[in-house]
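Side-chain atoms are counted along with the backbone in the values below, which use heavy atoms only and exclude waters and symmetry mates. The chains referred to below are lettered A, B, ... by the order of the sequence lines, with proteins before strands, and numbering in each begins at 1.
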There are 2 protein chains.
Amino acid sequence: MDRRQRKTREAIFRAFTNLLSEKDFMHITVGDIIDRADIGRATFYAHFETKDFLLKELCEELFCHIFDSMNNEHSDHRHIFNCDAPKSVFLHLFRHLSKNDNKILDLLSGRNNELFLQYFKTNLCKLIENQLPTFNADKNNSLPTDFRIKLIASTFVETVRWWVANGMKETPETITEYFLCAV
Amino acid sequence: MDRRQRKTREAIFRAFTNLLSEKDFMHITVGDIIDRADIGRATFYAHFETKDFLLKELCEELFCHIFDSMNNEHSDHRHIFNCDAPKSVFLHLFRHLSKNDNKILDLLSGRNNELFLQYFKTNLCKLIENQLPTFNADKNNSLPTDFRIKLIASTFVETVRWWVANGMKETPETITEYFLCAV
DNA sequence: TCTGTTACCGAACTGTTTGTTCAATATAAT
DNA sequence: ATTATATTGAACAAACAGTTCGGTAACAGA
């Protein structure tokens, strides 16, 4: 990739994430973004079709590679997760979230956390579907499977939300315990 | 209230809820609303400061009175809920949701259900806080209280979301069982 | 170093949306 | 009937979205 392209793209993402921690996505204008990124208007539209696509690509850059790496590790080194799954998988996830250059942390603690957690949830459901047999099925075994998956996903999301709202004081290990205790 | 005012207000709400079931709130313009409501532009702004305030007032009209009535019944006739709380409270809620003139149903099954369930959740947490001692505390008793409340609220919301996504085929009684089984 | 390619700039431009204003008209309240 | 108020339609400035294009700077390969 051209160095110029890369720099502009990074400048746009940086400006955009800054703005997201200040105001609603809905009220951020393209003008705001190009002012803060210090680039021309035409340049922005050369990179992203609309503001919505910018959000989409940011989310993919943030989350999808996490899940991809997760799935790869899961299939390549299945033994790692099978020793005490699903604990390892979610511990892994919480660790990723807690250290990703503080970029994810900023976005998740801002006004728009629902926005990102929505994207997050979509990927999460697939992951949980694979892990489902390893979950303790004592209590809500009688519930429909798709319902159970969504419940676990929303519990995970709510756990993350509570975690970041309280300043992420707990260790990933503790939070994993909380999550597994709740689900 | 002036009959003219009331009629315009209703026309705006009707047009707005129609549009909400068709496209994202973000992409609905004031022009769309006044066209469908068949009113003048100046009239819209005489009623609502912005599009966001219209959404806010719609949510209040839809949800807040439900919770108000709930809280009143709860304080006036405490015995009703104490016989087998928290079942009654949430059964009550599910019943409300399933029959409110199909207006709530439309909105909750549309593209913008996250939007409304967000408003919903805020009120829900207060209700759950009152009902908390009546919940089965066997499993996740060790978790922080505020965390437990948010978990229960998000489980309720996720239950509603799954319910409407599947066409609300289950009776309120069944869904209440599902919810209490999951929480 | 030279050359063709590609990205960025910035300024202008069209079309859309927002929110306001105002005089004229219609409806409600007393 | 008279007064008060809601609605209308049109026009308006300001903000915003998305496009176009000629000129400039940075890149990659020979």
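Residue B/Arg41 is in base contact, counting any heavy-atom pair closer than 4.0 Å across all strands shown. Using a 4.0 Å heavy-atom criterion, one finds that B/His47 contacts the sugar-phosphate atoms exclusively. Looking at heavy-atom distances under 4.0 Å, B/Arg4 makes contact with a base. B/Thr29 comes within contact range of the sugar-phosphate backbone alone, with a heavy-atom separation under 4.0 Å but no base atom that close.
Taking atom CZ of residue B/Arg9 and atom C1' of nucleotide D/dT7, one finds them 16 Å apart after rounding to whole Å. Remark: P of C/dA29 and CD of B/Gln5 are 10 Å apart, rounded to the nearest angstrom. Distance CD1 (B/Ile34) to P (C/dT20): 14 Å, rounded to an integer number of Å. Rounded to an integer number of Å, the gap from A/Asp38 CG to C/dC9 P is 8 Å. One interatomic measurement links the two molecules: CZ of A/Phe44 to P of D/dT19, which rounds to 11 Å at whole-angstrom precision. Look at CD1 on A/Ile12: it is 11 Å from C1' on C/dC8, rounded to the nearest Å. Following rounding to the nearest Å, B/Asp32 (CG) and C/dT16 (P) show an atom-to-atom distance of 13 Å. The interatomic distance linking A/Ile33 (CD1) with D/dG18 (P) rounds to 11 Å, in whole Å.
An OP1 or OP2 oxygen of C/dG19 is reached within less than 4.0 angstrom by a side-chain nitrogen or oxygen of B/Tyr45.
More than 12 non-hydrogen atoms from other residues, nucleotides or ligands lie less than 6.0 angstrom from NZ of B/Lys51.
Taking a cutoff of 4.0 Å between a charged side-chain nitrogen and a carboxylate oxygen, B/Lys56 and B/Glu49 do not qualify as a salt bridge. Between A/Lys126 and A/Glu129 there is no salt bridge, since none of the side-chain N atoms of the basic residue sits less than 4.0 Å from a carboxylate O of the acidic one.
Sequence order on DNA chain C of the closest nucleotides to B/Ile28 and B/Lys7 puts B/Ile28 first from the 5' end. Comparing B/Gly31 and B/Met1, the nucleotide of DNA chain C nearest to each residue sits closer to the 5' end for B/Gly31. Comparing A/Asp2 and A/Val30 by the nucleotide of DNA chain D whose heavy atom lies nearest to each, the residue mapping closer to the 5' end is A/Val30. Comparing B/Thr43 and A/Ala42 by the nucleotide of DNA chain D that holds the closest heavy atom to each, the one mapping nearer the 5' end is B/Thr43.
Inter-residue side-chain proximity for A/Leu143 and B/Trp162 is flagged as unmet; no heavy-atom pair is nearer than 4.5 Å.
Proximity of the aromatic rings of B/Phe156 and B/Phe94 is defined here by a centroid distance below 6.0 angstrom, and this criterion is met.
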